[in-house]
Amino acid sequence: LDFGKEKNLLNKEEWEFLLKLKHVEGNEDETNSLVEEAIKCFPGHLNFWTLKLSLDISEANKGDGKSGSKKYEKTLRSGMEVVDEKEMLWSSFIQLMNKAGKSEEAYVELQHAVDTGNSGELRVLLLERTREKGIDACRQLYSKYCKIPPYQEKFYRIMLDMELEETKVSKKNVRGIYSSIADHFGANSVDIWLEWIKWEQNSGSVMEIASIGCKAEAALPSDLKKKFTTLRQLDSE
């Protein structure tokens, strides 16, 4: 492995095995040097960035924290520029920060990334992480981004689940979320419209159903419009 490293012959799996051998307590400096070299060889590989973050966060915990925090912040931003699995990199970062007792700092970092970036995936992650702060904080976050692209259906689904889990369900809020889901994703999905109608029948207001049906027929292409009509007829029988 050392020969392969010197000759730049190692593949990703061999680099990972070498790093696993070297990553032991007391050998952080060598491991850090090696992982930086691995990143140069394979800049888009998630596992190398995760290890680099782990080392930086550990260093920050041992030092005064200020200079170390700048280091892991820089590593995170550098990784975000080249890694495809951005949400996974952020999830790993948050887990590492939580383990290090820095959960609130991680949350602030994620907030900053969402505010300054344009990532639907990170909005989803931020909403998931906001859940522990309560429904009001989640509603505030949802309202901030629900009308701003890029749209991720999961973002709306998470908020919908939280609203439906409330002891006193806000029909207005649930209806608003269903409306947004239908607006953004309903052109290619009969199920979205049928789900909304079913909720109105069971828990909302039957007065809304005719209007939803008209919106569905206007949004769906002809083949899905026929399917929608057929399924509604079957449901009513």
Could you check whether Lys154 pairs with Glu121 (Lys NZ or Arg NE/NH1/NH2 to Asp/Glu carboxylate O, under 4.0 Å)?
no
Is the number of heavy atoms from other residues, nucleotides or ligands under 6.0 Å of Glu36 CD greater than 12?
yes
May I ask you to decide if the ring planes of His184 and Tyr151 are parallel, tilted or perpendicular, using 30° and 60° as cut-offs?
parallel
Salt bridge Arg157-Asp161, side-chain N to carboxylate O under 4.0 Å:
no
With a 3.5 Å cut-off and no angle check, do the side chains of Glu208 and Tyr178 form a donor-acceptor pair?
no
Do Val169 and Val206 share a hydrophobic cluster, counting only Ile, Leu, Val, Met, Phe, Trp and Tyr and linking them when any side-chain heavy atoms are less than 4.5 Å apart?
yes
Minimum heavy-atom separation for Gly186 and Leu220, please, with both atom names.
O-CD2, 3.2 Å
Can you list the steps and then say if Asp115 with Lys144 is a side-chain contact (heavy atoms from CB on, under 4.5 Å)?
CA-CA 10 Å; Asp115 287 341; Lys144 184 176 182 179; 3.0 Å; yes
Exceeds 12 heavy-atom contacts within 6.0 angstrom, atom CG of Asn202:
yes
Give a yes or no on whether a salt bridge exists between Asp183 and Lys147, defined as a side-chain N under 4.0 angstrom from a carboxylate O.
no
Once rounded to the nearest 0.5 Å, what's the spacing between atom CG of Leu19 and atom CH2 of Trp15?
6.5 Å
Tyr142 and Phe155: CA distance, side-chain angles, deciding distance, ring pair (Phe, Tyr, Trp, His ring centres under 6.0 Å) verdict:
CA-CA 8 Å; Tyr142 173 81; Phe155 180 76; 5.6 Å; yes
Can you get from Ile181 to Leu164 by hopping between Ile, Leu, Val, Met, Phe, Trp and Tyr side chains that sit under 4.5 Å apart?
yes
Give a yes or no answer on whether the side chain of Lys86 reaches the backbone of Met80 with a donor-acceptor pair at less than 3.5 Å.
yes
Salt bridge check, Arg77 against Glu109: does any charged N sit closer than 4.0 Å to a carboxylate O?
yes
Glu30 and Asn27: side-chain donor and acceptor closer than 3.5 Å?
yes
Cation-aromatic face contact Lys40/Phe48, 6.0 Å, 45 degrees
no
Worked verdict on Glu104 versus Lys133 for salt bridge (Lys or Arg N to Asp or Glu O under 4.0 Å)
CA-CA 11 Å; Glu104 191 57 32; Lys133 297 181 181 295; 3.3 Å; yes
With no hydrogens and no angle check, just 3.5 Å: does a side-chain donor-acceptor pair link Asn98 and Tyr107?
no
I'd like to know whether CD of Glu13 has more than 12 heavy-atom contacts from other residues, nucleotides or ligands below 6.0 angstrom.
yes
Can you tell me if NZ on Lys171 sees more than 12 non-hydrogen neighbours from other groups inside 6.0 Å?
no
With clusters defined by side-chain heavy atoms of hydrophobic residues (ILVMFWY) lying less than 4.5 Å apart, directly or transitively, does Phe228 cluster with Leu234?
yes
Do Glu16 and His45 get their side chains close enough for a donor-acceptor pair, meaning under 3.5 Å?
yes
Check the pair Leu96 / Lys102 against side-chain contact (heavy atoms from CB on, under 4.5 Å), numbers first and verdict last.
CA-CA 9 Å; Leu96 290 166; Lys102 298 176 179 289; over 6 Å; no
May I ask you to say whether Glu165 pairs ionically with Arg131, meaning some side-chain N is under 4.0 Å from a carboxylate O?
yes
After noting the C-alpha distance and the side-chain angles of Asp223 and Lys227, does the key distance pass the salt bridge (Lys or Arg N to Asp or Glu O under 4.0 Å) rule?
CA-CA 7 Å; Asp223 58 329; Lys227 181 180 178 182; over 6 Å; no
Are Glu195 and Trp199 close enough that a side-chain donor and a side-chain acceptor fall under 3.5 Å?
no
Donor-acceptor pair, Arg123 side chain versus Pro150 backbone, under 3.5 Å?
yes
